[in-house]
Amino acid sequence: MTKVYFYHTENIQFMFREWSKGSFPGHLLYGATHLERHGIEIIPHKFKEFGVKRLPLMLYTAYRILTCREKYDAIYATHYRGLEIIIFLRALGLYRRPIILWHHQPMVRSSKRWREVLGRLFYKGMDDMFFFSQDLIDESKKTSKAVPEKMHLGHWGPDIEYYDRVIASEKERVVDYVTHEGFISTGREMRDMKTLVEAFNATGAPIEIYLNKRNCGIDYEAMFAAMDIRDNVKVHFTSGYKHSDFCLLVYRAQCVCICCLETKYTVGLTTVVEALGLGVPMICSRNPHLPMDIEKEGCGILVDYGDTEGWISAIRYITAHPDKAAEMGRNARNLAKRKFNVEICACEVADVIKKRTLN
């Protein structure tokens, strides 16, 4: 059996434990939960929290990998953050096992020559990279920092079995049928709360917003304190919520709102994936880096960045057309079953791991 050292920037032990109890979705472990079905055993990295301290994280990760006593054939990682030392050792021929990882942003060229040279060496240490969308691959190819054969499109999507349990539990709780009401926003990374709140202030439609007080350098608490917020807009700063709690809140909503700031990566994708798994329609910022066109797929409505009027129009459409919204939800669920889910993703990852370790 092929064996890989599985590295994650998050708490692997907690996530696996909760997944095994059925209270956490496997896709947040990037298919590692399903690799055994493909004849691949994993050795989970022992997580330790370092916050934003990069150097201690790199040193700890290198120590854990280089002193691992179990034999393994490759490293499979969800991100290169923390793996930098091992990647450079691989590039220099001092670490012999292949490194297969997820690359979350497009590769970019640097205006500084020394950084460009260092970057090219860094990418030499990555044997295979999974990207969330073809757009990210196409942008990365322009830099010529890695050969196209190293770049793979991964159809990262929901753990259908997990969301089936969430939906079944809600249907058991409700006597007649589940009523999907109101709008919800649960994303926290690079969210455009100003545009979202302005749109809902104008429509009067009810929305529940759940997010951290601070994230990615944005002080949401201070932002909301300075805003004019109407009674139909409810803001909740998250603390102590379980993943399953959020899932139920999303499933009970009529529509998910994913209002993001413009970035160079797939911001909003985690929330899109959850909506697909639960079969809930979306209003989403038009991020060209996302792997699916939710409007073309009939899963929701896309709105340009910062377009308050566009959001107002979309909110009013969903409110006035509940049957159409329900149809969008069904389309979202079908898209997850057909193209984007953890089983497809795990199969793609397993194929690359096996091809690389057999060489």
Side-chain angles (χ1 to χ4, degrees), residues 4-33 35 41-70 72 74-90 95 97 99-105 122 125-126 129-130 132 156 159 162 186-191 210-222 236-247 263 265-271 273-274 342 349:
V4 297
Y5 186 100
F6 177 52
Y7 173 77
H8 200 331
T9 55
E10 304 290 339
N11 191 331
I12 293 177
Q13 283 68 38
F14 169 79
M15 295 167 85
F16 263 105
R17 186 169 61 249
E18 292 301 305
W19 173 78
S20 65
K21 293 190 297 186
S23 57
F24 194 85
H27 65 268
L28 295 180
L29 283 154
Y30 293 74
T33 52
L35 288 180
E41 184 181 342
I42 70 164
I43 301 169
H45 174 72
K46 188 173 182 181
F47 175 79
K48 188 175 181 181
E49 179 62 63
F50 288 95
V52 297
K53 297 176 182 178
R54 196 73 171 262
L55 182 58
L57 172 63
M58 290 190 291
L59 291 171
Y60 171 77
T61 302
Y63 170 78
R64 295 297 310 184
I65 290 173
L66 296 175
T67 60
C68 180
R69 294 184 179 182
E70 291 189 65
Y72 58 92
I75 291 176
Y76 172 50
T78 65
H79 204 290
Y80 63 68
R81 187 179 186 276
L83 270 180
E84 291 90 343
I85 292 173
I86 299 297
I87 291 171
F88 276 118
L89 290 176
R90 174 68 173 160
Y95 180 80
R97 297 180 182 90
I99 298 173
I100 301 150
L101 53 75
W102 284 82
H103 201 284
H104 293 244
Q105 298 183 355
F122 186 60
M126 302 178 193
M129 290 169 280
F130 280 97
F132 293 100
W156 189 71
D159 182 344
Y162 169 77
T186 59
R188 59 188 181 181
E189 185 178 4
M190 300 300 289
R191 291 311 196 252
Y210 296 84
L211 78 174
N212 293 358
K213 290 183 178 180
R214 294 169 187 80
N215 190 272
C216 293
I218 300 175
D219 189 333
Y220 290 115
E221 186 176 28
H236 311 269
F237 292 113
T238 56
S239 177
Y241 283 90
K242 295 180 181 178
H243 192 277
S244 54
D245 294 335
F246 281 119
C247 283
T263 63
Y265 62 103
T266 54
V267 65
L269 180 58
T270 302
T271 311
V273 163
E274 181 166 76
V342 70
V349 169

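In what follows, every heavy atom counts, from backbone to side chain, and hydrogens, waters and symmetry copies are set aside. Keep in mind the model is a prediction, meaning the values are calculated, not measured.
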Looking at R81, I want to see if its CZ is surrounded by more than 12 non-hydrogen atoms of other residues, nucleotides or ligands under 6.0 Å. yes
Hey, what's the ring geometry for Y7 with H45, parallel, tilted or perpendicular (30° and 60° as the breaks)? perpendicular
Counting distance only, does the side-chain N/O of W156 pair as donor-acceptor with the main-chain N or O of H27 below 3.5 Å? yes
How far apart are the C-alpha atoms of Y76 and I42, what are their side-chain angles, what is the distance that settles it, and do they pass the side-chain contact (heavy atoms from CB on, under 4.5 Å) test? CA-CA 9 Å; Y76 172 50; I42 70 164; 6.0 Å; no
Between T61 (side chain only) and M58 (backbone N and O only), is there a donor and an acceptor less than 3.5 Å apart? no
Would you please name every residue forming a salt bridge (charged side-chain N to carboxylate O under 4.0 Å, His left out) with R90, sequence neighbours left out? D127
What verdict does the side-chain contact (heavy atoms from CB on, under 4.5 Å) test give for V267 and R191, after you've listed the backbone C-alpha separation in whole Å, the side-chain angles of each residue and the deciding distance to 0.1 Å? CA-CA 9 Å; V267 65; R191 291 311 196 252; 3.8 Å; yes
Mind checking side chain to side chain contact (heavy atoms under 4.5 Å, CB included) for E49 and listing every partner two or more places apart, or none if nothing turns up? F47
Run the ring pair (Phe, Tyr, Trp, His ring centres under 6.0 Å) check on Y265 and H104 step by step: do they pass? CA-CA 7 Å; Y265 62 103; H104 293 244; 8.5 Å; no
Listed by chain and number, what are the side chain to side chain contact (heavy atoms under 4.5 Å, CB included) partners of F88, not counting sequence neighbours? L118, L121, F122
Give a yes/no verdict on a cation-pi contact between R97 and Y72, requiring under 6.0 Å between NZ or CZ and the six-membered ring centre and an angle within 45° of the axis. yes
Between the main-chain N or O of P25 and the side-chain N or O of D159, is there a donor-acceptor pair closer than 3.5 Å? no
